[in-house]
Amino acid sequence: MNIKITLPDNSMREYPKGSSAMEIAKSISEGLARNVLAAKVNGEVRDLNRPIEEDSSLQLLTWTDAEGKSTMWHSSAHLMAEALEFYYPGIKFWVGPPIQNGFYYDVDFGGQAFSADDLKKIEDKMAELAKQSNAFVRKEISKGDAVNYFTERGDQYKLDLLSNLEDGGITLYTQGNFTDLCRGPHIPHTGYIKAIKLTNVAGAYWKNDSNNPMLTRIYGITFPKKSELDEYLTMLEEAKKRDHRKIGKDMEIFTFDDDVGPGLPLWLPNGGVMIEELERLAKKTEQRAGYSRVRTPHLAKESMYKTSGHLPYYEDSMFPPMECDGEKYYLKAMNCPHHHKIFKELNPSYRDLPIRLAEYGTCYRYEQSGELFGLMRVRALQMNDAHIYCTKDQFAEEFNAVNEMYLKYFRVFGIEKYVMRFSTHAPEKLGKKYVDNPELWKQTEDMVRQVLIDSNIPYIEVPDEGAFYGPKIDVQVWSAIGREFTLATNQVDFAVPARFGLTFRNSNNEMETPICIHRAPLGTHERFIGFLLEHYAGNFPIWLAPQQVSILPISEKFNGYAKKVLQLLRNSDIRGLVDDRDEKIGKKIRDAEIKKVPYMLIIGEKEEAENAVSVRQHGKGDQGSLPIQEFIDRVSKEIQELLDA
RNA sequence: GCCGAUGUAGCUCAGCUGGUCAGAGCUACUGAUUUGUAAUCAGUAGGUCGGGGGUUCGAAUCCCUCCAUCGGCUCCA
């Protein structure tokens with residue numbers, strides 16, 4: 001009897017019932033059969049050698065398919081487990097999934113020491129086992145037999161997994177001397193794994209719960225070709241060079257100091273310039289969009305955070321309070337309550353709405369010490385914050401305008417890869433995790449969703465991740481080295497204004513509670529500049545570059561003219577420096593290139609005589625000579641165009 | 001906070017199992033040189049080897065502890 005197999009190109013072929021995907025691959029081409037790792041049968045990824053019993057659609061997965069990679073990495077995790085068990089008999093395994101780059105396995109070493117120094121011998125053992133081309137053998141087993149098997153081995157972890165599995169469809173996989181409870185699928189045999197790198201070892205809580213004991217998590221990655229591993233390692237090296245902590249140090253953007261404290265960044269002069277430029281951009285953009293700027297203190301009394309409802313939920317993330325005149329004061333971890341107080345003072349009528357209060361507010365959050373990470377996770381942060389108070393009728397338009405602002409910023413910064421993470425509520429948790437107002441949840445979520453759809457913004461919807469007071473959108477971006485960041489956040493709040501008793505007088509002369517939109521398109525200076533450092537690898541667009549022009553006199557004789565040029569640049573708000581060291585021009589150029597200064601002006605006898613400058617552009621080389629004023633006009637125009645994107 | 005690792009001049013790093021181990025390059029400073037598109041030469045200066053305690057005749061090197069950083073976990077802008 002034959003079955004019909006439909007391939008991705010919609011062609012159909014007939015095979016005897018019970019043919020395996022591998023046999024089908026061989027029938028198509030030898031080359032394909034050599035490269036195929038797993039098969040997608042009717043949408044389910046499966047082992048290649050499992051017989052196919054009915055008419056099916058079939059996709060043969062290779063290394064170029066994400067699912068092909070995952071299958072290989074999952075199998076690699078098993079291979080690693082086998083190597084680990086060889087050296088550390090009796091250790092217990094939790095789970096070993098494939099991840100974005102490679103795989104890990106969580107291991108309980110039962111008190112035996114294991115460190116990064118031991119990775120090499122495991123790698124070598126894995127290579128040895130891979131060469132044996134041991135088949136991954138799938139075996140269906142009843143739940144009872146499985147429980148017996150793992151009880152006998154005293155494996156509480158696999159028993160825990162089993163307790164959540166239904167009888168039927170439970171499978172074991174064995175390769176060489178290692179057997180694991182596993183749903184599969186796997187590659188046919190270990191010989192497919194040609195290059196192995198165990199990247200690091202770390203602790204991880206069992207079931208990701210910090211109340212549970214820690215297991216040892218070992219990360220690794222494998223490839224079907226040695227050359228691909230080399231490429232991957234080179235890529236990691238490159239990523240290291242773009243790390244914002246390294247660039248930030250090299251370019252003197254920021255630093256930390258033991259005496260100041262962990263997570264409290266000091267912005268060096270170059271970082272100060274970037275902050276000034278970002279704030280200038282934000283203020284201008286917000287001014288045009290009808291925002292009002294306010295300023296609020298860095299602390300407030302305990303009572304305000306009780307009113308806002310932040311204290312009970314947020315106390316652990318706030319710095320401990322300071323006692324003063326018999327009162328407790330907290331450093332602010334968010335600007336919202338202060339802004340709410342301002343709204344209240346304004347006592348507006350519906351004719352005054354929307355009211356948009358903006359502030360680059362400084363907040364302090366007591367992040368756990370292990371969470372601090374360069375500029376990305378800090379304890380003092382300045383947020384591009386604003387709160388928009390509007391009526392229900394105004395909400396969609398206001399929300400859309402906020403989105404437009406996000407998109408403008410993405411253009412200015414050349415951010416092409418982004419996703420909006422739209423977090424909604426979970427109906428069954430109304431009244432617990434979420435404010436109990438189903439109509440408003442539905443209404444605001446529908447409006448937000450519609451704005452996202454209308455503006456054609458890529459987004460993913462995540463249920464049960466909203467704030468307690470409303471749905472929110474987090475902007476996910478990816479830095480050039482592939483690190484994912486939540487850059488900015490945008491939240492709808494229909495609850496806290498009520499807690500503060502915020503009202504406006506509507507057209508019927510009744511008091512009504514406004515909806516509040518929290519938004520911070522540029523996130524915080526800390527995280528945003530951290531992101532920009534990696535995004536641009538320090539090669540900032542000229543408007544943002546701490547130093548825009550380096551003036552390089554050929555010899556000391558021209559230092560005077562160089563200073564004159566510098567003053568002209570400064571008069572036109574262009575940031576420059578004269579390199580008047582007693583060095584040769586080649587050296588000065590080299591140093592300016594390394595510092596990634598966008599423009600270098602080489603100045604000698606000819607330039608001084610002609611009131612000109614010789615322009616060299618970073619990364620592009622000699623651009624010829626220009627009259628000074630022409631250069632200034634060109635730079636000013638370039639800056640304007642970048643900001644008007 | 002938890003698991004693991006690391007911490008030597010402003011920067012990048014040597015310094016193996018305790019005894020000329022306090023070093024190199026870059027930077028900075030001084031002098032010579034006065035230079036045309038990615039490194040001129042020479043000299044000088046710089047560190048109680050993260051802090052504190054201990055073991056030892058002797059510790060950057062071994063032990064304890066604290067701090068910070070890094071890789072993860074948890075958490076998040």
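By convention in this document, chain letters (A, B, ...) are assigned in the order of the sequence lines, proteins followed by strands, and residues within each chain are numbered from 1.
A donor-acceptor contact closer than 3.5 angstrom is absent between the side chains of A:Asn559 and A:Asp580. Side-chain atoms of A:Thr296 and A:Lys332 form a donor-acceptor pair, as typed in the model, at a separation below 3.5 Å. Residues A:Gln623 and A:Tyr599 have side chains that never bring a donor and an acceptor to within less than 3.5 angstrom of each other. Side chain to side chain, A:Thr486 and A:Gln476 meet the donor-acceptor criterion of an N or O pair below 3.5 Å.
In this structure, B:A22 forms no base pair with any nucleotide, since neither Watson-Crick nor G-U wobble geometry is met with both distances under 3.5 Å. The partner of B:U40 is B:A32, by the rule that a Watson-Crick or G-U pair needs both atom distances under 3.5 Å. With a cut-off of 3.5 Å on both pairing distances, B:A60 has no Watson-Crick or G-U wobble partner at all. For B:A14, there is no paired nucleotide, since no Watson-Crick or G-U wobble pair has both relevant distances below 3.5 Å. In this entry B:C76 has no Watson-Crick or G-U wobble partner, no candidate having both defining distances under 3.5 Å. Nucleotide B:G7 is matched to B:C67 when pairs are restricted to Watson-Crick or G-U wobble geometry with both distances under 3.5 angstrom. Nucleotide B:C49 is matched to nothing when pairs are restricted to Watson-Crick or G-U wobble geometry with both distances under 3.5 angstrom.
Looking at every heavy atom in both residues, A:Gly248 comes nearest to A:Leu533 through CA-CD1, 4.1 Å. Summarising the geometry of A:Leu119 relative to A:Asn200, their closest heavy-atom pair is CD1-CA, 4.1 Å, with the distance given to 0.1 Å.
Looking at the side chain of A:Lys587, the nearest of the listed nucleotides B:U37, B:U33, B:C26 is B:C26. Nearest to the side-chain atoms of A:Lys584 among the listed nucleotides B:G1, B:U35, B:C26 stands B:U35.
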So if I define the base as every atom that isn't primed, P, OP1 or OP2, how would nucleotides 70-77 of chain B read as a B/S/- string at a heavy-atom cutoff under 4.0 Å? SBBBBBBB
Strictly under 4.0 angstrom, non-hydrogen atoms only: write out the protein contact profile of nucleotides 8-13 of chain B, one letter per nucleotide from the 5' end, B, S or -. ---SS-
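When each of A:Glu583 and A:Ile589 is assigned the nucleotide of RNA chain B bearing its nearest heavy atom, the one mapping closer to the 5' terminus is A:Ile589. With RNA chain B read from its 5' end, the first of the two nearest nucleotides for A:Val615 and A:Lys557 is the one closest to A:Lys557.
If you check residues 590-603 of chain A against RNA chain B, the residues with a heavy atom closer than 4.0 Å are A:Arg590, A:Glu593, A:Ile602, listed by number.
Base engagement by A:Glu607 is indicated by at least one non-hydrogen atom pair under 4.0 Å involving a base atom. When heavy atoms are screened at a 4.0 angstrom cut-off, A:Ser614 is found touching base atoms of the nucleic acid.
B:G19 and B:C2 have their P atoms separated by 35 Å, given to the nearest Å. Distance noted for atom C1' between B:A28 and B:G47: 16 Å (whole Å). Between the P atoms of B:G71 and B:U30, the separation comes to 39 Å (whole Å). Taking atom C1' on both nucleotides, B:U55 is separated from B:A68 by 26 Å, rounded to a whole Å. Nucleotides B:C64 and B:G72 place their P atoms 27 Å apart, quoted to the nearest Å. Taking atom P in both B:U74 and B:G52, one finds a spacing of 37 Å when rounded to whole Å. Of the P atoms belonging to B:U27 and B:G18, the separation is 37 Å, rounded to the nearest Å. Of the P atoms belonging to B:U17 and B:C63, the separation is 11 Å, rounded to the nearest Å.
Under a 4.0 Å N-O distance rule, the pair A:Lys120/A:Asp124 qualifies as a salt bridge.
In terms of phosphate contacts, A:Lys606 brings no side-chain nitrogen or oxygen within less than 4.0 Å of OP1 or OP2 of B:G36.
A donor-acceptor distance shorter than 3.5 angstrom exists from the side chain of A:Glu123 to the backbone of A:Leu198, with no hydrogens or angles considered. Panel note: side chain A:Tyr291, backbone A:Ile388; no donor-acceptor pair is recorded below 3.5 Å.
Nucleotide B:G46 carries a syn base; the chi torsion (O4'-C1'-N9-C4 or O4'-C1'-N1-C2) is within 90° of 0.
Taking atom CD of residue A:Gln617 and atom P of nucleotide B:A38, one finds them 15 Å apart after rounding to whole Å. Residue A:Asp118 contributes atom CG, which lies 10 Å from atom P of B:A5 at whole-angstrom precision. Put simply, CG on A:Asp582 is 15 Å from C1' on B:G43, counting in whole angstrom units. Atoms NZ (A:Lys588) and P (B:U34) sit 14 Å apart, rounded to a whole Å. Here the C1' atom of nucleotide B:U35 and the CG atom of A:Asn559 are 12 Å apart, to the nearest Å. Taking atom NZ on A:Lys620 and atom C1' on B:A38, their separation rounds to 18 Å, with Å as the unit. Protein atom CZ of A:Arg581 is 13 Å distant from nucleotide atom C1' of B:A38, rounded to whole Å. Atom CD of A:Glu608 and atom P of B:U34 are 19 Å apart (whole Å).
Applying the salt bridge (Lys or Arg N to Asp or Glu O under 4.0 Å) test to every pair with at least one member in residues 239-248 of chain A, sequence neighbours left out, gives these pairs: A:Glu238-A:Lys241, A:Asp243-A:Arg245, A:Asp243-A:Arg483, A:Lys246-A:Asp250. Each salt bridge (Lys or Arg N to Asp or Glu O under 4.0 Å) pair with one or both residues in residues 462-473 of chain A, not counting sequence neighbours, appears once here: A:Arg421-A:Glu465, A:Lys429-A:Asp464, A:Lys433-A:Asp464, A:Lys472-A:Asp474.
A:Tyr360 pairs by the ring pair (Phe, Tyr, Trp, His ring centres under 6.0 Å) definition with A:His525, not counting sequence neighbours.
At a cut-off of 3.5 angstrom, counting only N and O atoms as typed in the model, there is a donor on one side and an acceptor on the other between the side-chain of A:Arg616 and the base of B:A38.
Looking at A:Lys283, A:Glu359, A:Glu286 one by one, the single match for side chain to side chain donor-acceptor pair (under 3.5 Å) with A:Asn384 turns out to be A:Glu286.
Between A:Tyr406 and A:Tyr418, the ring center distance fails the sub-6.0 Å criterion.
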Might you work through the ring-ring contact (aromatic ring centres under 6.0 Å, His included) test for A:Tyr314 and A:Tyr305, ending with a clear yes or no? CA-CA 9 Å; A:Tyr314 223 83; A:Tyr305 294 109; 9.2 Å; no
